[in-house]
2 protein chains.
Amino acid sequence: MTDQVSEQTTNRLSLYLRFLNELEANGVRTVSSKVLAAEFDLNAALIRKDLSHFGDLGVRGVGYVVADLRLRLRQILGLDRRLNVAIIGAGNLGFALADYPGFRQDGFRVVALFDSLPDKVGTRSRGGILIHDIRDLKRVAKREGITIAVVAVPSGSAQIVVNTVVDAGIKALLNFSPGSLRVPRDVKLKSVDVTVSLESLSFFLAKG
Amino acid sequence: MTDQVSEQTTNRLSLYLRFLNELEANGVRTVSSKVLAAEFDLNAALIRKDLSHFGDLGVRGVGYVVADLRLRLRQILGLDRRLNVAIIGAGNLGFALADYPGFRQDGFRVVALFDSLPDKVGTRSRGGILIHDIRDLKRVAKREGITIAVVAVPSGSAQIVVNTVVDAGIKALLNFSPGSLRVPRDVKLKSVDVTVSLESLSFFLAKG
DNA sequence: TTTTGTGAAACGCTTCACAGCT
DNA sequence: AGCTGTGAAGCGTTTCACAAAA
């Protein structure tokens, strides 16, 4: 078990977990790979393969016990502990993310905002998150136990900000700035590129 | 040419285009697949394959003429015309996206916000985008020539909103709400799931 | 009988390697 | 000589199909 798990598999584990949360809330006891497959428009064998990476989680003839699988997935995804998140960039997007209620549910806690503008430093988001000076990132990250940084700054300063984050010892980054960014191999960078997504939609429209 | 182009290829075309914009601004005349490959940490053959789907865009012994390739990519991606975008959900994220300056650059124009809350309808975003009643979506979409909708509403109302968007005749959707959504086969739905991204980072941290 | 777990087959994407053009 | 365009090989992911378990 736990050989090498692909990114696509881990992304799907997240989706399964979300659905299991719903099922448990609705009092559903067990669920089969077939039901999961229907929910996500996937092949049932794929779901069984995804889960089989982590041991024999199911029961033949029955399916998966919702409560057990849910707990196990939370463990696998590392959600069975607090994850403290910093948001870099106190612009519109940074504020929106800082106050996004979806995070709290899943064990993520936004504990600090960072910006370089003196006017912003010391003030708070609507939700009450304090804005720190980006120069204090390393110190605050240590003190607050920040393990994930969300980068929401203009593309011009993205690489410098990423370097600062890496230097602060943070190993996991979610980036919203457009453009190519470099990180050391032991650091994980995930990027959300809204322009790329929109242009992909435009391509779809253009080709009929 | 133009057989079946994968999503991954179209996503990369977007990246190439962004870099070509930079190169042209810097007065660079030609670029090779090798240079593009270095910029994006890809294999040069992959870049040539991506581009070869659309005809013989390069010159042997020389590379690609920056200005020509840039124009051709804009055409291929359908960016050689105005693309009018509606944002559904006038919350923090909706506002942030509505006023995001990156869109305007690429030919995307956010022409309307929509919400269901009477207090919001009739007011404007900081950037001046008018908030319409979601019930007027079909009418406004027709009038304004909206071809892309960005869905930024709470997950509970996402499917209903998506149905409304589809009913308004919009064929391309970018969704920011978590959860599975259904659209007809002739409609393209792209989803950005921030929770899935964060959980994927958490998995990375958890496994060391 | 139902449903999992899993080798083997199928598929799709990426890389290799080189012919062909400038 | 340099670089593209591309068939073939390589590789990773998904699907098939079935033995094994409840």
Legend entry - Gap separating the CG atom of Leu42(A) from the CG atom of Leu36(A), nearest 0.5 angstrom: 9.0 Å
Legend entry - Euclidean distance, atom CD of residue Gln8(A) to atom P of dG12(C) [Å, nearest integer]: 14 Å
Inset, instruction - Scan Lys49(A) against the nucleic acid and name what it touches under 4.0 Å (heavy atoms): base, sugar-phosphate only, or nothing. - result: base
Legend entry - Plane angle bin for Phe40(B) and Tyr16(B) - parallel if under 30°, tilted between 30 and 60°, otherwise perpendicular: tilted
Inset, instruction - Rounded off to whole Å, could you give me the CG-to-P distance for the Leu69(A) and dT3(C) pair? - result: 16 Å
Inset, instruction - Mind checking Thr9(A) for me? I need base, sugar-phosphate or nothing, with any heavy atom below 4.0 Å counting as a touch. - result: nothing
Inset, instruction - Give the rounded distance in Å between these two atoms: CZ of Arg48(B) and P of dC21(C). - result: 16 Å
Inset, instruction - Return the value, rounded to whole Å, for the distance between atom CG of Asp41(A) and atom C1' of dT14(D). - result: 15 Å
Inset, instruction - Just call it for Leu42(A): base, sugar-phosphate, or nothing, with non-hydrogen atoms closer than 4.0 Å on any strand. - result: nothing
Legend entry - Minimum-distance nucleotide to Ser52(A) side chain [options: dT4(C), dT13(D), dT6(C)]: dT6(C)
Inset, instruction - With the side chain of Arg60(A) defined as its heavy atoms from C-beta on, choose the nearest nucleotide among dT3(C), dG5(D), dC16(C). - result: dT3(C)
Inset, instruction - Would you indicate which nucleotide in dC16(D), dG5(D), dA20(D) comes nearest to any side-chain atom of Tyr64(B)? - result: dG5(D)
Legend entry - Short side-chain N/O contact from Ser33(B) to OP1 or OP2 of dT4(D), under 4.0 Å: yes
Inset, instruction - Return the value, rounded to whole Å, for the distance between atom CD1 of Ile47(A) and atom C1' of dT3(C). - result: 13 Å
Inset, instruction - Round to the nearest Å and state the distance from Asn43(B) atom CG to dT6(D) atom P. - result: 16 Å
Inset, instruction - Report which part of the nucleic acid Leu51(B) touches: base, sugar-phosphate, or nothing (heavy-atom distance under 4.0 Å, all strands). - result: nothing
Legend entry - Closest listed nucleotide, where the reference is the side chain of Ala45(B) and the choices are dA22(D), dC16(C), dC13(C): dC16(C)
Legend entry - Nucleotide dA17(C), atom P - distance to CG of Leu46(B) in whole Å: 16 Å
Inset, instruction - Run the salt-bridge test on Lys188(A) and Glu7(A) with the 4.0 Å N-O cut-off and return the result as yes or no. - result: yes
